[in-house]
Structures are given as structure tokens and as C-alpha cells.
Amino acid sequence: MADLETLTTRTALDPMDIVIGGPSDAGVTLTEIPFQTRLVLRGLPSDKKFTAAVKGALGVEPPSKPGTVTSSKTARVLWTAPNEWMVYSDDTGLAATLTKAVAGLHAAVTEVTEHYTLIRLSGRHARDVMIKGCAIDLHPREFGPGQCVQSHLGRITVLFDQTDETPSYHILVRASFAEYLWMYLEDAGLEFGVRIEAAG
Amino acid sequence: MLHITCPWCGPRDDNEFHYGGEAHILRPAAPEKLSDGEWAEYLFLKQNAKGPFLERWSHSAGCRQWFNVVRNTATDEIIEIYPMGELPKSPEGIKAYEGNWRRQSAAEKNAKAGVSGT
Ligand SMILES: [Zn+2]
């Protein structure tokens, strides 16, 4: 039987033994952001009690417009379906807080933190790397901070949002696809120079 | 590649979608009242239209919602996209719906009789 006392938490990308570093003038930087709290929130956006309860717990209402993101100091809330959102937060107790807030309502909160990992791709060539493997129009005229999309990137299903004008993309990938996506992004970024940074 | 406009996410490549086959196949409410032939008709027979066809699609790589599409199977032209639980509004869609052999089938009559509470 496993010795539960000495088990250590591992990220989805641990097996790759990623080495931090790379050229300072790299066109893109890659960072794994592991273990950030990730919750799937479900409920009816037409239910005012639900949206108010969510706002009470997260500091912001869930976005009702497809492909958009709302954010507060506590959390970032990404639209994933007409009655479903992905919540990112640094608050490790947020699942309990949010569950309590929507108790008794037609709603559900599911913690999915370790089902995924988050990869941040940032830098002046980040958009060039993204569009190599993604059919979505990421031109600033069409896509910018505050928008999110679920689509294919390098042939796998991801959820990503743009977080600043650098541009930076936060790409949510299932744990079993994380190594593949990391290698894919390193390869796609090769011509621009890739620097690996540790999550700050 | 076909472009399909998800009612929520907008136009996407067809490889983001799953095909759900013919739309508007109602499950009989009282299958025991159908003959084996009528039941088999419900289970196995599909409209194999050349032209406007009513079908279901799911945006499986995106918002995972189901919706209905009127598509011309000969040209791949998408004529109409409409929500689950509704009927088509385009002339081509209405014609394809009304002209489908299934509307006269014992299975559909059985399903509708069940819905209206008998
Ligand atoms: Zn969609």
C-alpha cells in the first residue's frame, strides 16, 4: 500500500523535467501554472438568485455572452456553455465557498483542478505560435483580452483566453494531453526563440 | 472543409462538431403496441435524402451544445440552423420535414399519441 505520508504533489508536466531558462530576447515564453484552483460552475444565467450568489462568492457575475470572461480579485470566470463556466482562482478554498453560496439553487460546482494544467504562452510572437495550430481568428481586431475560446490547438481540444496585449494566452489542457501540448508549443515556437519561465 | 455556425460560438470548422444523424425522430410512447416491422422502421430506417435534410449536430470541441441543421446533402449548403425542440422555418426545411415518410409512420403516430396524454 502506498505511503500516503510521503506522497508529493506532482504537476501534469513533472515527468518532462522541464529546465527553466532560455534566451532573454526569446519571442515567446512558456510557463506551466499548476494547481491553480479550477472549478466547473453550472447554473442558469436567467436565475437572478444564482447570478447574485455567484457574484457574492466570486466578486463578479458569470459572463452570459459566449466566449467572454469576467474577472475580479478573487477569480476569472470563462464562458464555456450557455449554462456552464470555468472558474480560475488562487483561493484553494474557493470550491467550498462557491458550493455554499449556491446551495439550494439549481446549480453545481465541481472541482477539476488536477484534471487539467494551465500553460501560459506569452511574448511578441505568441500569436504567431497560436495561429499555427488553431483555426480561430486571433487578430486583435477579432480577439483580445477578456475573450476565451474552446477549440482545437495542435489538433487537441483546449480552452484558452487572452489575458493581456503582449499577447499572453492561458491555455487549459487536460493532464493527459499536457506533455503533448507543451512539446507542440516548444516546437511551434522554435523559430522565434523559446524561454521557459517558472510560475511566479 | 465545411464551416458550421454554432448558435453560440459562431462559425467553426466541421472537425469541431459531432454529427447526430437525422433530427425529429420521436421515440414511441408505447412500443408494445407496434408490430416488429413498425418498431424496426423506427429503429433502423433513416431518410436518405438527396437535397435538404434535417439533422442534428453537436459542437463537441466547443460549447458541447446540440442544435438542428437543414443541410443540402448534394451541395453541403447549410440552409438553416435552429434550436433543439423546434421545427425548421425555412421553406426548404418545412418541405423536408413534411415530406419525410416518418411523419406518416406508425411509430411517430404512437409517439405523438403518448405525448398528448393517452
Ligand atoms: Zn459552440
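Within every chain, numbering begins at 1; the chains are lettered A, B, ... in the order of the sequence lines, protein sequences first and strands thereafter. Everything numeric here is computed off the predicted structure, so don't read it as measured data.
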[X] and [Y]: which non-hydrogen atoms are nearest, and at how many Å?
| X | Y | answer |
| --- | --- | --- |
| A:Trp79 | B:Cys9 | CZ3-SG, 4.1 Å |
| A:Ala81 | B:Cys63 | CB-O, 3.6 Å |
| A:His152 | B:Ala61 | NE2-CB, 3.4 Å |

query: To the nearest 0.5 Å, what is the distance between SG (A:Cys134) and CG (B:Asp13)?
result: 9.5 Å

Can [Y] be reached from [X] by stepping across I, L, V, M, F, W or Y side chains whose heavy atoms are under 4.5 Å apart?
| X | Y | value |
| --- | --- | --- |
| A:Val69 | A:Val149 | no |
| A:Ile196 | A:Ile119 | yes |
| B:Val69 | B:Phe17 | yes |
| B:Ile94 | B:Tyr82 | no |
| B:Trp57 | B:Ile25 | no |

query: Does any N or O in the side chain of B:Arg64 come within less than 3.5 Å of the main-chain N or O of A:Thr80, such that one atom is a donor and the other an acceptor?
result: yes

task: Please step through side chain to side chain contact (heavy atoms under 4.5 Å, CB included) for the pair B:Arg12 and A:Ile136, ending with a clear verdict.
output: CA-CA 8 Å; B:Arg12 299 290 182 94; A:Ile136 302 296; 3.4 Å; yes

- prompt: If you count the non-hydrogen atoms of other residues, nucleotides and ligands that lie under 6.0 Å from CG in A:Asp164, is the total more than 12?
  reply: yes

- prompt: Checking B:Glu16 against chain A: side chain, backbone, both or neither under 4.5 Å from a heavy atom?
  reply: both

